[in-house]
2 protein chains.
Amino acid sequence: MANDSSVLFASVADYFKVLSETSRLTILDALRESGPMNVTEIAAATGLGQANLSKHLKVLTQAGLLSRNPAGVSVYYEIIDPVIFDLWELVCDRLKQRLHQQARSLEQFQILR
Amino acid sequence: MANDSSVLFASVADYFKVLSETSRLTILDALRESGPMNVTEIAAATGLGQANLSKHLKVLTQAGLLSRNPAGVSVYYEIIDPVIFDLWELVCDRLKQRLHQQARSLEQFQILR
DNA sequence: TATAAGAATAACCAAATAGTTATTTAGTTG
DNA sequence: CAACTAAATAACTATTTGGTTATTCTTATA
């Protein structure tokens, strides 16, 4: 086939790429747990360094997952793309299934020995 | 909080990372369209080089998304993780929404001028 | 206006990785 | 066994990117 879905593939890949880093998932989880936070608060919640955090927040914002709201000296970030939690849940469920399968395989293995 | 979901975060991130490359999405799409194929067939369907393709197939297999079945000289690969299509759909729907929003914003912009 | 604080950016380094070319391994058939 | 084919691997290059340190920019306040 090789139809030109290449642009679509690239968009989807980019979206997944944003979600493929532990630090960014940590940030998203913190914002999900605590609601909107400024950078200092996110830093405290995640343990990430200021500059590093700032870069990740930029990535997440430009990807359309977070909104950015300056308030005085601070800047507040908030999750605006709820879809990521559906994704999160799907993947988690899948990973759980995997673990169960592995556990079952292991039991089987024990029996056969 | 900083509870130790770090292992979970890493697992989820790894899963998304596998799906964050255009070439691998192309492979998955080809296998979804045509069903099980051997490496030569996948190469023809995707246009990827043999060695490169082989590496991506290894990644996808080790991630548990594909099964690997040698048959004579050939090796057939098949999708065994249907969840990826749910993920695919969620992301595509989301990207479509984005485009619509952007279109609407653009219209608004035209009106205001 | 000078100072301080919060956040973004620049510059840099190290690690990871997609793609290529060349080689090796495994299976098939004459 | 020899020749051939399919797929995997090794070695290498170039690019990307996460993290750090130092600096700049912006806003608030004394």
Side-chain angles (χ1 to χ4, degrees), chain A residues 2 6-7 9-31 34 36-63 65-79, chain B residues 2 6-7 9-31 34 36-63 65-79:
Chain A
S6 43
V7 179
F9 290 156
S11 300
V12 177
D14 284 346
Y15 195 94
F16 282 131
K17 188 165 289 176
V18 174
L19 298 174
S20 71
E21 287 294 331
T22 309
S23 299
R24 286 196 284 269
L25 294 181
T26 307
I27 294 169
L28 289 172
D29 189 58
L31 287 171
S34 308
M37 289 193 285
N38 65 34
V39 177
T40 307
E41 291 167 339
I42 300 175
T46 61
L48 296 173
Q50 186 265 321
N52 188 24
L53 176 56
S54 195
K55 287 204 299 185
H56 283 307
L57 290 173
K58 188 176 187 179
V59 171
L60 289 165
T61 304
Q62 287 187 335
L65 305 188
L66 299 183
S67 66
R68 195 190 104 102
N69 303 100
V73 179
S74 300
V75 177
Y76 281 80
Y77 287 90
E78 181 177 6
I79 294 174
Chain B
S6 44
V7 179
F9 288 157
S11 300
V12 177
D14 285 344
Y15 195 94
F16 282 131
K17 187 165 290 176
V18 174
L19 298 174
S20 72
E21 286 295 332
T22 308
S23 300
R24 287 196 283 270
L25 294 181
T26 306
I27 294 169
L28 289 172
D29 189 58
L31 288 171
S34 309
M37 288 193 284
N38 65 36
V39 177
T40 306
E41 292 169 338
I42 301 174
T46 61
L48 295 173
Q50 186 265 320
N52 188 25
L53 176 55
S54 196
K55 286 204 298 186
H56 283 307
L57 289 172
K58 188 176 187 179
V59 170
L60 289 165
T61 304
Q62 287 186 335
L65 305 188
L66 300 183
S67 67
R68 195 190 105 104
N69 303 101
V73 180
S74 300
V75 177
Y76 281 81
Y77 287 89
E78 182 178 4
I79 295 174

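Because the structure is predicted, anything quoted here is derived from the model rather than measured. Labels below follow one simple rule: chain letters A, B, ... track the order of the sequence lines, proteins then strands, and each chain is numbered from 1.
Using a 4.0 Å cut-off, no side-chain N or O of A/K58 falls inside it from OP1 or OP2 of C/dA7. Put simply, B/S54 has no side-chain N or O that comes within less than 4.0 Å of OP1 or OP2 on D/dT9. Contact check, B/Y77 against D/dA8: a side-chain N or O comes under 4.0 Å of OP1 or OP2. The side chain of A/R24 places an N or O atom within less than 4.0 Å of a non-bridging phosphate oxygen (OP1 or OP2) of D/dG18. For A/T40, a side-chain nitrogen or oxygen approaches OP1 or OP2 of C/dA7 to under 4.0 Å. Contact annotation: A/S23 side-chain N/O to D/dG19 OP1/OP2 distance is under 4.0 Å.
Taking only distance into account, the side chain of B/Q50 never meets the base of D/dA6 through a donor-acceptor pair shorter than 3.5 Å. No N or O donor and acceptor, one from the side chain of B/E21 and one from the base of C/dA18, sit under 3.5 Å apart.
Between the B/S54 side chain and the B/A51 main chain, no donor and acceptor come within less than 3.5 Å of each other. For B/R24 (side chain) and B/L60 (main-chain N/O), no donor-acceptor pair under 3.5 Å exists by modelled atom type.
Residue order along DNA chain D, read from the 5' end via each residue's closest nucleotide, puts A/L53 first among A/L53 and A/A71. The residue among B/V75 and A/K17 whose nearest nucleotide of DNA chain D is located toward the 5' end is B/V75.
Going from atom NE2 of A/H56 over to atom C1' of D/dT17 covers 9 Å, rounded to whole Å. The separation between B/L57 atom CG and D/dA6 atom P is 16 Å, rounded to whole Å. The nearest whole Å value for the distance from the CG atom in A/L60 to the C1' atom in D/dT17 is 14 Å. Rounded to whole Å, the distance from CG on A/N38 to P on D/dA28 is 14 Å. Counting to the nearest Å, the P atom of C/dA7 and the OH atom of A/Y76 are 8 Å from each other. When rounded to the nearest whole Å, the span between CG of A/L19 and C1' of D/dG18 equals 16 Å. Rounded to an integer number of Å, the gap from B/K55 NZ to C/dT24 P is 18 Å. Taking atom CG of B/N69 as the reference point, atom P of D/dA8 lies 12 Å away to the nearest angstrom.
Using a 4.5 Å cut-off on side-chain heavy atoms (C-beta onward), A/D29 and A/T46 make no contact. By the 4.5 Å heavy-atom criterion applied to side chains, B/V73 and B/N38 are not counted as neighbours.
Across D/dT9, C/dA18, C/dG27, the shortest atom-to-atom separation from the side chain of B/V73 is found for C/dG27. Counting only heavy atoms from C-beta on, A/R68 has its side chain closest to C/dA8 among C/dA8, D/dA28, C/dG19.
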>> Pair A/Y15, B/L19 - check side-chain contact (heavy atoms from CB on, under 4.5 Å), show working.
In response: CA-CA 9 Å; A/Y15 195 94; B/L19 298 174; over 6 Å; no
